[in-house]
Amino acid sequence: GTPKRGHWSSRLGFIMASAGSAVGLGNIWKFPYITGMHGGGAFVLFFLICIALIGIPLMIAEMVIGRHTHKDPVGAFRTLAGGPWSMVGWLGVTAGFVILSYYCVVAGWAVNYLWLAIKGTFGGGHIQQVPELFSSLLASDLSQLFWQALFMGATIWIVLGGVSDGLERASKLMMPVLFLILIVLTVRGLFSPGGPRALSFLFTPNWRMLDAAAMLEAMGHAFFTLSLGMGAMLTYGSYANERTNIPNVAITVSIMDTCVALLSGIAIFSIVFTYGMAPAAGPGLVFKTLPILFSQMQGGTFVAILFFLLLVFAALTSSISLLEVVVAYYCDEKKWQRRTATLVMGFLIFLLGVPSALSNHLLADVHFIGGRNFLDSIDLVATNYILPLGALFIAIFTGWVMTTRVARGEIEKGTVNFHFYPLWHFLIKYVSPIMVAILFLSKIGLI
Ligand code: PHE
Ligand code: NA
């Protein structure tokens, strides 16, 4: 017979695991740097609108589909509709594979920096030079592969533990620590000289900076940061029981994720402004700019340790959810042993990550999309194209293919009467698909 599927041991476990998936490098590394590049306030506001109008409804949709079928993404769509719809599940599993490959590389830098911080590298003003810094800290290709492998090893190890003893337990341990560190860093930032400027940068809209590219980036990031568009929340939903109030969980998780992004922005930009640096440093904001500033500040070593520990914990509770999507597919559809699926897929994903790891030295001069290196190119394709496309299909599926009887019935197993059903249905049926389609088409130049 088929082995028993895993499930969350409690509602809190489901929330912590889902929040763990959502809160990741996207919040602490990516959100601050793309916000910095797009001028702050207006971008943040549009991002919040995307979270509310598309993100939350879509998270509810994914969790509903997952729990209704208790299957992996491919199995879920095959069960509910079959035919070409299974492709949506496939797109998701592929996205999980691709995203995790470079996610582990960036997370590897974070582990490397944590180690450097512990050794005291960021203390006492040693670090001055911006351009050399990154390449000298990330010493060699070999050391990058080492840190990437270490992080992937930790991810595999947790996923091997299973749903409640692996994913859930790890998230319940790491998330509270993460919140505590974040609060310390935010309060510290608010009371530093750059605090007020950080607040006005994040919350005063500068509409001139909000063009179509910025809007697509904000929307793509809304999916990325909430782990949507590829079946991660669908898979996590498939481990929830019928008593779970899905809208409640989805809203809680989305609010937690948004708070972490905003607080990270405050913590990081207050440091940046205190030292008179520019907010638009790009992807190097966290890995190039911050270390210099840590090295100039009082107690920089301690702040650096806290910061990179925060980054590592956030990354780990997300990477396990990416691997879980792929593993769930091989277990549910291909009937592989969980152990085999985790080890084999973990290793293959590691291999796919190798070119990303080499993109700072060996492959530094090999350019792909728009002059970007390998890592930035696949990040762009995954975040700006695959996730919005997956999200578009999931929204269309939920709004137009799934019947009200199934959708409402599933939601109301866990909440007696979902008063907001008409609003949710309207958002998922019309607002999300239209917004995603318009932005998508304008990006590829059709309108
Ligand atoms: N939400 C995670 C982050 O913000 C990334 C992620 C995307 C995780 C998709 C799972 C699925 O870093
Ligand atoms: Na996130």
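Start at 1 and go down the list; that is how both ligands and their atoms are numbered.
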List ligand 1 atoms under 4.0 Å from [X], heavy atoms only on the residue side.
X	value
Tyr103	2 (C), 3 (C), 5 (C), 12 (O)
Met230	9 (C), 11 (C)
Ala22	1 (N), 2 (C), 3 (C), 4 (O)
Asn27	4 (O)
Gly26	3 (C), 4 (O), 12 (O)
Thr225	1 (N), 4 (O)

**Asked** With the Na ion (ligand 2) at the apex, how many degrees lie between OD1 of Asn27 and OG1 of Thr225, rounded to 10 degrees?
**Response** 90°
**Asked** Does CE in Met87 sit with more than 12 non-hydrogen atoms of other residues, nucleotides or ligands closer than 6.0 Å?
**Response** no
**Request:** Give a yes or no on this: more than 12 heavy atoms of other residues, nucleotides or ligands lie within 6.0 Å of atom CZ of Phe203.
**Result:** yes
**Request:** May I ask you to check whether Leu25 has an N/O atom sitting below 3.5 Å from an N/O atom of ligand 1?
**Result:** yes
**Prompt:** Are any of the N or O atoms of Ser21 closer than 3.5 Å to those of ligand 1?
**Reply:** yes
**Request:** Using a cut-off of strictly less than 3.0 Å, determine whether Leu25 has an N/O/S atom near the Na ion (ligand 2).
**Result:** no
**Asked** Are any N, O or S atoms from Ser227 nearer to the Na ion (ligand 2) than 3.0 Å?
**Response** no
May I ask you to say whether [X] pairs ionically with [Y], meaning some side-chain N is under 4.0 Å from a carboxylate O?
X	Y	result
Glu324	Arg338	yes
Asp379	Arg372	no
Lys71	Glu333	no

**Request:** May I ask you to check whether Phe77 and Trp90 place their ring centers less than 6.0 Å from one another?
**Result:** no
**Request:** Sort out for me which residue in Leu182, Val184, Leu185 forms a side chain to side chain contact (heavy atoms under 4.5 Å, CB included) with Phe307.
**Result:** Leu185
**Request:** With the side chain counted from C-beta on, respond yes when Ile255 and Cys259 share a heavy-atom pair under 4.5 Å apart, and no when they do not.
**Result:** yes
**Prompt:** Hey, are Ser254 and Asp257 close enough side-chain-wise for a donor-acceptor pair under 3.5 Å?
**Reply:** no
**Prompt:** Is it true that the side chains of Glu242 and His68 contain a donor and an acceptor less than 3.5 Å apart?
**Reply:** no
**Nearest-contact summary for atom 1 (N) of ligand 1 - protein heavy atom, Å** = Phe224 O, 2.8 Å
**Message:** Among the N/O/S atoms of Asp257, which is closest to the Na ion (ligand 2)? Give the atom name.
**Reply:** OD1
**Prompt:** Considering Ser227, Ala95, Gly231, which one's heavy-atom position lies nearest to atom 10 (C) of ligand 1?
**Reply:** Ser227
**Item:** Trp29 to ligand 1, any heavy atom closer than 4.0 Å
**Value:** no
